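All values below come from the heavy atoms of this structure, side chains included, with hydrogens, waters and symmetry mates left out. Whatever order the structure lists ligands and atoms in, that order sets their numbers, starting from 1. Here the structure is a predicted model, which means the values were calculated and not measured. If you read the sequence from its start, that first residue is 1, and numbering goes on from there.
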Amino acid sequence: MALSKLMEGIYADVSGTNGGNHGAIVLENEIVMIDSGMIHHKSLETKNNLEEKVGLSIENLILTHSHSDHVFGAQAFEPVNIIASVPMQERCDKNLEAEWKRESLLKRYFEVKEERPELWNAVKTLSIRVPTITFRDKISLGKDSEITVKLLGGHTSGSSIVISHKQKAIFVGDLIFNGLFPYGGDPTCNPDDWIEALEEVRDIGYETIIPGHGPICGINELEEYTHALKELRDAVRNAVLFGTLKEQMMDEGQIPKPLQSGIERFGDVTLDHWFGFYQ
Ligand SMILES: [Zn+2]
């Protein structure tokens, strides 16, 4: 696996072939990795390839949030500092007590071993890594604070963005599923915070946005996505108010156009959570 060079100092993989999008920012003396991918064998190839290409080593790995497709590759980057927000770490601790238990993981991924053999293979030797450095609001990296990591919440309570000031680029994690219906079914997902987070990203005004899923985007796509999420949120709030069922809402075509693709994957689980949220 190789990350593609987006511009001087910024690399990313938005192919979706190793879980969620992930990328890197090159500083003067080190590489900072953003999210780890999901299949640690592939993540190791990514690490080796990038370090060789750039001639520096990855010292810090920032995890935008706690979902498996962004964190299960982390063991490949060791030794490394793992940086994330406090609520992200709290989610990891909770997961380790339940769905991330070894037997639960083996059971869940055994069921998909035919469709996703690489993932099944990786899960057999998976060793989950959790944050080693946490922050409450934001943290800076680099000699001249070239990188800011900021907690915004929304998609999950611990969701953070990674801002690279020099290149005016922002890794937004799963705050954007570019061109897709988002996964919004995490128990800590807060649609209001999510919309506010996207508005905050827009206010920063940087043109290059690396989403958690889907291709790289700019301010226009960001605004379109924010608008679509607002429409979806309002449709859910109205449905709850008037006692409309989720299925009815979906049938009546109240799903905004930019979110219609991928709804078969995440529609139910997301809307179940959002209906409960506004109930
Ligand atoms: Zn996610």
Side-chain angles (χ1 to χ4, degrees), residues 12-23 33-39 43 61-74 82-96 98-100 105 108-109 112 116 119 123 126 128-131 149-162 170-198 201 209-217 222 225-226 228-229 232-233 259 261-274 277:
D13 176 2
V14 298
S15 68
T17 52
N18 184 11
N21 292 345
H22 46 290
M33 188 76 200
I34 298 109
D35 284 342
S36 71
M38 189 175 197
I39 297 166
S43 302
L61 165 63
I62 300 164
L63 298 175
T64 59
H65 66 294
S66 57
H67 289 154
S68 55
D69 55 332
H70 296 259
V71 308
F72 276 6
I82 302 182
I83 302 171
S85 68
V86 169
M88 184 284 184
Q89 185 195 34
E90 288 166 354
R91 281 295 288 148
C92 291
D93 291 345
K94 264 217 155 70
N95 287 341
L96 284 167
E99 64 231 55
W100 283 359
L105 288 171
R108 173 154 18 115
Y109 291 103
V112 298
R116 304 177 78 182
L119 179 57
V123 167
L126 172 65
I128 293 174
R129 297 296 189 262
V130 294
V149 190
K150 191 167 194 315
L151 170 65
L152 294 180
H155 171 70
T156 65
S157 57
S159 289
S160 302
I161 58 169
V162 181
I170 310 183
F171 290 81
V172 299
D174 281 0
L175 291 173
I176 299 182
F177 282 62
N178 190 13
L180 294 167
F181 192 96
Y183 171 67
D186 189 278
T188 68
C189 170
N190 178 325
D192 298 327
D193 287 354
W194 193 332
I195 289 160
E196 255 181 55
L198 290 175
V201 173
I209 295 164
I210 300 105
H213 296 267
I216 309 293
C217 54
L222 167 73
Y225 206 76
T226 311
L229 276 194
L232 184 69
R233 188 253 331 248
L259 306 182
S261 171
I263 191 163
E264 61 292 343
R265 181 147 182 232
F266 294 132
D268 272 320
V269 62
T270 296
L271 291 176
D272 281 343
H273 176 70
W274 289 28
F277 186 85

Going by side chain to side chain contact (heavy atoms under 4.5 Å, CB included), name the residues that satisfy it together with Ser159, two or more places apart in sequence or in a different chain. His65, His155, Thr156

Are the side chain of Asp35 and the backbone of Gly173 linked by a donor-acceptor contact shorter than 3.5 Å? no

side-chain contact (heavy atoms from CB on, under 4.5 Å) test vs Tyr183 passes for just one of Val269, Asp174, Asp69, namely Val269

Tell me the salt bridge (charged side-chain N to carboxylate O under 4.0 Å, His left out) pairs involving residues 150-161, sequence neighbours left out? Asp137-Lys150, Lys150-Glu200

Establish, yes or no, whether a centroid distance under 6.0 Å links the rings of Trp100 and Phe72. yes

For the Zn ion (ligand 1), check which protein N, O or S atoms are under 2.8 Å away and list them. His65 NE2, His67 ND1, His155 NE2, Asp174 OD2

The criterion is salt bridge (charged side-chain N to carboxylate O under 4.0 Å, His left out); which residues satisfy it with Asp268, sequence neighbours excluded? Lys246

